[in-house]
Amino acid sequence: MELVNEQQNKAETSTTPMKITGAEAVIRSLIAEGTDLVFGYPGGAIMPIYDALYDFQDQLKHVLTRHEQGAIHAAQGFARVGDKPGVVFATSGPGATNLITGLADAKIDSNPLVCITGQVGSHLLGTDAFQETDVISISMPVTKWNFQVTKAEDIPGAIAKAFYIATSGRPGPVLIDITKDAQFAELDFQYKKCQGFRSYIPKPRLDFEKVEAAAGLINQAKKPLILFGQGVILSGAENEFKHFVEKTGIPAAWTLLGLSAMDTDHPLNVGMLGMHGNYGPNKLTNEADLIIAVGMRFDDRVTGDLSTYAKNAKVIHLEIDPAEIDKNVKTDVALLADAKEALHALTESVSPNEHSEWLAEFRSHDKIEQEKVIDNELRPTKEGMTMGEVIRRVNEHTNGDAVVVTDVGQHQMIATRYAKFKQTKSNVTSGGLGTMGFCLPAALGAKLSRPDREVVAVIGDGGFQMTLQELGTIFQTGAAVKVIILNNQFLGMVRQWQQLFFDKRYSSTELVNPDFVTITKGFGIEAQSVDARDNLDKGIEDMFTHEGPYLLEVIVEKEDNVFPMVPSGASVSDVRLS
């Protein structure tokens, strides 16, 4: 780390330019930004950058993933639990296009990434040269900013701007495409971090008159409800949010990406919103007289039918991105600002309060859900194991301190419903895009970002097979990721929809799976399979006590469903318990 800091200071303060290649300028620029780990996959068009990396291996480590999609999902996991953006290298053509899914995922989930792709020589652009693809046009809709560099002297400025854009305001992915001749050419290198530029205002100025208007609505409300999303985490506003909730006494419900911003056992935490969220916050949304949305975007999985959503409520929206204001839900007061700043000001302005009778309504709904859904899931009496009881046993071992990474599907909803969290930045999942294959590489990235924390990957048997090659990366790095496959031999969530809405016409959803344990051991990672409840505790104990990476396959009920459930297009108050 001393070498990194020394290099960073030299790059920022040097007045004597160094004559170096564009490829070396990429490496020195990354080091100047504090980058110490890069995920990637080499190829012809980015080979000069990899060659330059060879001389800086003591300052900038590289993780060779088994696929570019694995690299970018790993970078997402790295960024989500740490305090640095994820950085990715890929070559031109298929290497660059293999990043697109991850870019789209990172864009909608606000993950800060800096992706650097190699490109054919500038004289070949537009000629359909070998492995040439117009990645700038392809990636434009799924990046916060992208730029093609054809001159070596433009590299330091482009990278500085990329880091600033990726990490400021609402975070997101950026992509820099660098032609091969620009990598080989020389420049007089100096590096200066970007502190801003014309037309880009990442942090809007808080309007204190609107703060007072919002406080007035909050003080008058009888049935207020807070909806909190990932914006609380991204702004580092967890403490400010906690103070606001406790001073106002308002029940608070979380979106999928807001999970872990607040202790799951906090007395004012009333659970998850959305399609498979908790009964109370869904059912009572339409009875609230005030909705206070903090760092969330009113996604359709949260709102259900917009024509019936929260019609009895005034709406206050705390949001840093002006594009999200009034996009889906009309607001009465919009606080366009960083959540940390807005929450601090709002907490100062509101009166202390409590809403015990209103909170009791949520707890009454909790009892209904407990009896009709949760008890059957966490402590089942049937012979086959449920996903919920596996998560309950995991909670007993982690005590709410682990990072839980999930893929997409039934297991994702079960894990996010029942996992316990005491620390922020503990829930890593693909929210807006819903990318199967996300979990395994993201868990690797999370563990490399925070080696001091237990990282548990919870994956379905379908999603696991999309990126299982990254077991090779886990083996090579030695990252002690604990992987749990909840195997129901189905694409479970699709099968659930087919059962409920397509008359049980199970079209192309049943899986004939390989031997996951043998495959995992072939990658040099210890593994076992559990198919009986009596062996579950020992299997989980073996996984957590093993020093290195470990995979535990648990055979669960084939046709269990996830409830509660708001049917697609229905009102949130139409939430079903069975």
Nearest 0.5 angstrom please: [X] [atom1] to [Y] [atom2], how far?
X      : Y      : atom1 : atom2 : result
Ile459 : Ile484 : CD1   : CD1   : 9.5 Å
Thr97  : Leu99  : OG1   : CG    : 8.0 Å
Leu500 : Met565 : CG    : CE    : 5.5 Å
His317 : Ile291 : NE2   : CD1   : 11.5 Å
Leu318 : Glu341 : CG    : CD    : 11.0 Å
Thr65  : Gln476 : OG1   : CD    : 10.0 Å

Does either side chain, that of [X] or that of [Y], offer a donor lying less than 3.5 Å from an acceptor on the other one?
X      : Y      : answer
Asp305 : Ser571 : no
Thr473 : Glu470 : yes
Arg66  : Thr467 : no
Thr424 : Glu238 : yes
Gln76  : Asn111 : yes
Ser430 : Asp105 : yes
Asp177 : Asn146 : no
Gln59  : Asp36  : no
Thr429 : Gln412 : yes

Can you find a pair of side-chain heavy atoms, one from [X] and one from [Y], that are under 4.5 Å apart?
X      : Y      : answer
Ile20  : Leu187 : yes
Met296 : Val302 : yes
Arg80  : Asp109 : yes
Gln119 : Leu125 : yes
Val458 : Val404 : yes
Leu256 : Met413 : yes
Cys115 : Phe89  : no
Asn278 : Arg417 : yes

Quick check: does any side chain N or O of [X] sit under 3.5 Å from a backbone N or O of [Y], one acting as donor and the other as acceptor?
X      : Y      : result
Lys84  : Gly34  : yes
Asp181 : Gly121 : no
Asn282 : Val566 : no
Thr264 : Phe421 : yes
Gln183 : Ile178 : yes
Gln423 : Ala402 : no
Thr127 : Leu124 : yes

Check step by step if side chain to side chain contact (heavy atoms under 4.5 Å, CB included) holds for His67 and Met466.
CA-CA 11 Å; His67 192 284; Met466 288 193 168; over 6 Å; no

Let's go through Gln465 and Asn513 carefully: what are the C-alpha distance in whole Å and the side-chain angles of both, what is the deciding distance for side chain to side chain contact (heavy atoms under 4.5 Å, CB included) to 0.1 Å, and is it a yes or a no?
CA-CA 9 Å; Gln465 293 179 77; Asn513 289 318; 2.8 Å; yes

Trace of the side chain to side chain contact (heavy atoms under 4.5 Å, CB included) decision for Ser110 with Leu234
CA-CA 9 Å; Ser110 304; Leu234 294 175; 3.7 Å; yes

Of the non-hydrogen atoms in [X] and [Y], which two are nearest, and what is the gap between them?
X      : Y      : result
Ala479 : Leu448 : CB-CD2, 4.1 Å
Gln498 : Ser507 : NE2-O, 3.0 Å
Leu257 : Asn427 : CA-ND2, 4.4 Å
Ala253 : Pro281 : CB-CB, 3.8 Å
Ile100 : Ser139 : CD1-CB, 4.0 Å
Val142 : Ala104 : CG1-CB, 3.6 Å

Which ring pair (Phe, Tyr, Trp, His ring centres under 6.0 Å) pairs, counting each pair once, include a residue from residues 99-130, with sequence neighbours left out?
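Listed by first then second residue: nothing to list.
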
Please indicate whether [X] has more than 12 foreign heavy atoms, meaning atoms of other residues, nucleotides or ligands, lying under 6.0 Å from its [atom1].
X      : atom1 : answer
Lys327 : NZ    : yes
Phe501 : CZ    : yes
Leu306 : CG    : yes
Phe523 : CZ    : yes

All N/O donor-acceptor pairs, side-chain side in residues 157-169, below 3.5 Å, sequence neighbours left out:
residue	atom	partner	partner atom	Å
Thr167	OG1	Phe163	O	2.7
Ser168	OG	Tyr164	O	2.5
Ser168	OG	Tyr200	OH	2.8

Whether Arg297 and Glu319 form a salt bridge (side-chain N of Lys/Arg under 4.0 Å from carboxylate O of Asp/Glu) is what I want to check.
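No, this pair does not count.
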
Should Arg450 and Asp452 count as an ion pair when the cut-off is N to O under 4.0 Å?
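Yes, this pair counts.
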
Would you mind writing out the side-chain donor-acceptor pairs for residues 38-54 within the sub-3.5 Å range, not counting sequence neighbours?
residue	atom	partner	partner atom	Å
Tyr50	OH	Tyr41	N	3.0
Tyr50	OH	His62	NE2	2.8

Not counting sequence neighbours, which residues clear ring pair (Phe, Tyr, Trp, His ring centres under 6.0 Å) with Phe490? List them please.
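Phe490 satisfies ring pair (Phe, Tyr, Trp, His ring centres under 6.0 Å) with Tyr506 once adjacent residues are dropped.
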
Just to verify, what does Lys61 make a side-chain hydrogen bond (donor to acceptor under 3.5 Å, both in side chains) with, not counting sequence neighbours?
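Applying side-chain hydrogen bond (donor to acceptor under 3.5 Å, both in side chains) to Lys61 gives none.
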
For Glu132, which residues count as a side-chain hydrogen bond (donor to acceptor under 3.5 Å, both in side chains) partner, sequence neighbours excluded?
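Once residues adjacent in sequence are excluded, Glu132 has no partner under the side-chain hydrogen bond (donor to acceptor under 3.5 Å, both in side chains) criterion.
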
Verdict with supporting geometry, Glu324 and Arg170, salt bridge (charged side-chain N to carboxylate O under 4.0 Å, His left out):
CA-CA 11 Å; Glu324 297 296 344; Arg170 180 179 178 175; 2.8 Å; yes

Ile176/Thr117 under side chain to side chain contact (heavy atoms under 4.5 Å, CB included): CA gap, chis, key distance, verdict
CA-CA 6 Å; Ile176 302 173; Thr117 55; over 6 Å; no

How are the rings of Phe241 and Phe228 set relative to one another: parallel (under 30°), tilted (30 to 60°) or perpendicular (over 60°)?
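The rings of Phe241 and Phe228 sit tilted, inter-plane angle from 30° to 60°.
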
